[in-house]
Amino acid sequence: MAKSKKCNAKKQSYISVPSQIIATLSSSSLQSLLVPPKKNPNTGFFLGHRYSCRRPGVWLLALFCFALVGLLRLGWNVNTLIPFSPYPCLETLSIPHRIDKLGETHHVSTAAQRPRASHSDSDSEFWKQPDGMGYRPCLEFSAEYKRASKAILNDRRKYLLVVVSGGLNQQRNQIVDAVVIARILGAALVVPILQVNLIWGDESEFSDIFDFGHFKRVLADDVRILSSLPSSHIKTRPVEENRTPLHASPQWIRTHYLKRIKKGGVMLLRGLDSRLSNDLPPDLQKLRCKVAFQALRFAPPILELGNKLARRMQSKGPYLALHLRIEKDVWVRTGCLPGLSKEYDEIIHNERRRHPELLTARSNMTYHERKLAGLCPLNAFEVTRLLKALGAPTSTRIYWAGGEPLGGKEALLPLTGQFPHFYNKEDLALPGELEPFAHKASFMAAIDYIVSAESDVFMLSHGGNMGHAIQGHRAYAGHKKYITPNKRHMLPYFLNSSLPEAEFNRIIRELHRESFGQPELRASKARRDVTKYPVPECMCKRKASNTTT
């Protein structure tokens, strides 16, 4: 953030310029943001060099203009016409103005000028929300489930410990399944242990990231949640099991674990990722939704800052949240290439050769085969073409979530060149606001999650746990617009350079006609997670008075 010179009144005015724009300015351009241009001594008062201030007519005209402005100011604040005063010391800025990094600050530099969002832009088709078809949250548990709850909540013999791993959203998925497994076993769940992430070195605990008190209260009628083992079991050696197969059914869980946990009293489970079946009885599916959408609320400090940044994005109208998956590790894992240059392609090839275990994609496919199959992340150029084809105005304000892209800010130039109002959490935060969360990847990911969930439109460049979680969250919130890029079908048109732009745009819009977050029945998505497709198990078309939210 560039700071103006101090004035005699000891007041300061701030001009905020997003870091992506600062990086593209030369030193002379940056200087022009801070120092006003010198006036031409040959130029007259304000009428140009053809008029001299010595002429009486000029003085009369000047006095008339000043009088007219004075009269207008009695009933109309002329300052509203001037977004940035050329004399900042004459203007006292309130705190909301000073911290707002979403103001159209680009207008202070000719090199960075872009059109401001207009009313017609806000009303454009791009911001239109999908038809939710009347679906709303509906978590009515069966009478049998409620009868069983009393015995489960009174049980003091069985305790379940779980260790969850991975990034924030991967941990969220495992916590959801841990609660369901505890319910299946009729055991009390001790607050989940977050395994230290070896990649990011994040040592955060559950209560650092999530609101434990809220988590416990919301699930009070479903599973007993404890902050620690009771003293009667504190020295009990847990029965450890880490061989749970993928997509295990409730029957399998009971058959293999119930006898052991009854005998030992305490069971420890690790590696729960995708271990519990996605096809569960209706009550357990509802419990999954209850955990994911209601119980797992972020801790107050994270929630406060995330909502604050979301409000700053909302302060100028609708915004798009974009989850960009173009970090180095993503290109390595997917077996894809970033499309930046031969130099960066070689970096990815070398990393893959040194660490073949990082490649999670099918190794029998070439890069081009993966690309055409829609298995690669979209790069910044492809994201730009897609957004333009879908009708995103160039004045669209974009919040981008994700890590440092391979290639740095240069990799983002196709996007920032067409959509200059481009921000991340570092751009939006005041000095010092992010310091408490420094070097804590889970905290930063949680802030991205909150701002993305609150956006008017969300789009991701590649699948993943965050996209999965946001899709379900937005569906549960009333089917807010969520763009799923139809990569497999659209990429051949991206490669066709002879296709006229109007025809390209028409084709791309037609391909995405059903990809804007409309309700999708999980029944048609075999083995899909209910927290991604909450209809019909967790959402129904009943009246609000008959729903539990």
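We count residues from 1, following the sequence as given. These numbers come from a predicted model, not from an experiment.
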Under 3.5 Å: donor-acceptor pair, side chain of [X], backbone of [Y]:
{"X": "Arg172", "Y": "Ala292", "value": "yes"}
{"X": "Trp331", "Y": "Ile326", "value": "yes"}
{"X": "Gln518", "Y": "Pro130", "value": "no"}
{"X": "Gln294", "Y": "Val291", "value": "no"}
{"X": "Gln174", "Y": "Val164", "value": "no"}
{"X": "Asp202", "Y": "Ala441", "value": "yes"}
{"X": "Arg522", "Y": "Asp529", "value": "no"}
{"X": "Asn307", "Y": "Leu303", "value": "yes"}
{"X": "Arg509", "Y": "Ala389", "value": "yes"}
{"X": "Gln129", "Y": "Lys481", "value": "yes"}

Subject >> Phe215/Phe210 aromatic ring centres below 6.0 Å >> reply: no
**OP:** Examine Tyr319 together with Tyr423 and report whether their ring centres are nearer than 6.0 Å.
**Re:** no
Residues two or more places apart in sequence or in another chain: which of them pass side-chain hydrogen bond (donor to acceptor under 3.5 Å, both in side chains) with [X]?
{"X": "Asp211", "result": "Arg297"}
{"X": "Lys425", "result": "Asp448"}
{"X": "Asp345", "result": "none"}

**OP:** Specify whether Tyr476 and Phe293 have parallel, tilted or perpendicular ring planes, treating 30° as the upper limit for parallel and 60° as the lower limit for perpendicular.
**Re:** parallel
Original post:
Relative to the ring of Trp400, is the ring of Phe422 parallel (under 30°), tilted (30 to 60°) or perpendicular (over 60°)?
Top reply: parallel
**OP:** Decide side-chain contact (heavy atoms from CB on, under 4.5 Å) for Met365 and Leu375; before the verdict, give the C-alpha distance in whole Å, the side-chain angles of both, and the deciding distance to 0.1 Å.
**Re:** CA-CA 10 Å; Met365 296 179 70; Leu375 300 175; 4.0 Å; yes
Any side-chain heavy atom of [X] within less than 4.5 Å of one from [Y]?
{"X": "Ile483", "Y": "Leu460", "answer": "no"}
{"X": "Val383", "Y": "Leu322", "answer": "yes"}
{"X": "Leu387", "Y": "Leu415", "answer": "yes"}
{"X": "Leu296", "Y": "Val218", "answer": "no"}
{"X": "Thr334", "Y": "Pro377", "answer": "yes"}
{"X": "Leu428", "Y": "Lys308", "answer": "no"}
{"X": "Asp456", "Y": "Leu320", "answer": "no"}
{"X": "Leu194", "Y": "Asp208", "answer": "no"}

Original post:
Is the NZ or CZ atom of Lys440 both under 6.0 Å from the centre of the six-membered ring of Phe443 and within 45° of that ring's axis?
Top reply: yes
Do [X] and [Y] get their side chains close enough for a donor-acceptor pair, meaning under 3.5 Å?
{"X": "Gln170", "Y": "Asp273", "value": "yes"}
{"X": "Tyr449", "Y": "Glu454", "value": "no"}
{"X": "Arg474", "Y": "Tyr482", "value": "no"}
{"X": "Asn486", "Y": "Ser515", "value": "no"}

Original post:
By salt bridge (charged side-chain N to carboxylate O under 4.0 Å, His left out), which residues pair with Lys532, not counting sequence neighbours?
Top reply: none
I need the minimum non-hydrogen distance between [X] and [Y], along with the two atoms involved.
{"X": "Ala299", "Y": "Ser207", "answer": "CB-O, 4.1 Å"}
{"X": "Leu495", "Y": "Leu372", "answer": "CD1-CD2, 3.9 Å"}
{"X": "Leu406", "Y": "Pro338", "answer": "CD2-CG, 3.8 Å"}
{"X": "Arg397", "Y": "Met313", "answer": "NH2-O, 3.3 Å"}
{"X": "Ile470", "Y": "Ser452", "answer": "CD1-CB, 4.1 Å"}
{"X": "Val530", "Y": "Cys538", "answer": "CG2-SG, 3.8 Å"}

Subject >> Heavy atoms of other groups near His247 NE2, more than 12 under 6.0 Å >> reply: yes
Subject >> Over 12 non-hydrogen atoms of neighbours within 6.0 angstrom of CD in Glu410 >> reply: no
From [X] atom [atom1] to [Y] atom [atom2], the distance as rounded to the nearest 0.5 Å:
{"X": "Ile447", "Y": "Met444", "atom1": "CD1", "atom2": "CE", "result": "6.0 Å"}
{"X": "Arg528", "Y": "Asn278", "atom1": "CZ", "atom2": "CG", "result": "9.5 Å"}
{"X": "Ser461", "Y": "Leu324", "atom1": "OG", "atom2": "CG", "result": "5.0 Å"}
{"X": "Arg325", "Y": "Cys376", "atom1": "CZ", "atom2": "SG", "result": "12.5 Å"}
{"X": "Leu390", "Y": "Arg385", "atom1": "CG", "atom2": "CZ", "result": "12.0 Å"}
{"X": "His473", "Y": "Thr531", "atom1": "NE2", "atom2": "OG1", "result": "12.5 Å"}

Original post:
Can a salt bridge be assigned to the pair Arg353 and Glu346 using a cut-off of 4.0 Å between side-chain N and carboxylate O?
Top reply: yes
**OP:** Answer yes when Asp177 and Arg288 have at least one side-chain N-carboxylate O distance shorter than 4.0 Å, and no when they do not.
**Re:** yes
**OP:** Determine which pairs satisfy ring pair (Phe, Tyr, Trp, His ring centres under 6.0 Å) with at least one residue from residues 498-522, sequence neighbours left out, and list them in order.
**Re:** Phe494-Phe504
**OP:** Run the numbers on Val332 and Leu359 for side-chain contact (heavy atoms from CB on, under 4.5 Å), then give the verdict.
**Re:** CA-CA 6 Å; Val332 173; Leu359 180 63; over 6 Å; no
**OP:** Could you give me the CA-CA distance, side-chain angles and deciding distance for Leu378 and Met490, then say whether side-chain contact (heavy atoms from CB on, under 4.5 Å) is met?
**Re:** CA-CA 11 Å; Leu378 298 177; Met490 75 182 187; 3.7 Å; yes
Subject >> Check against side-chain contact (heavy atoms from CB on, under 4.5 Å), Ser455 and Lys480 >> reply: CA-CA 9 Å; Ser455 66; Lys480 294 169 69 179; 5.9 Å; no
Subject >> Qualifying side-chain hydrogen bond (donor to acceptor under 3.5 Å, both in side chains) pairs, either residue in residues 490-499, two or more places apart >> reply: Asn496-Ser498
Subject >> Qualifying residue, where the test is salt bridge (charged side-chain N to carboxylate O under 4.0 Å, His left out) with Glu382 and the options are Lys487, Lys388, Lys371 >> reply: Lys371
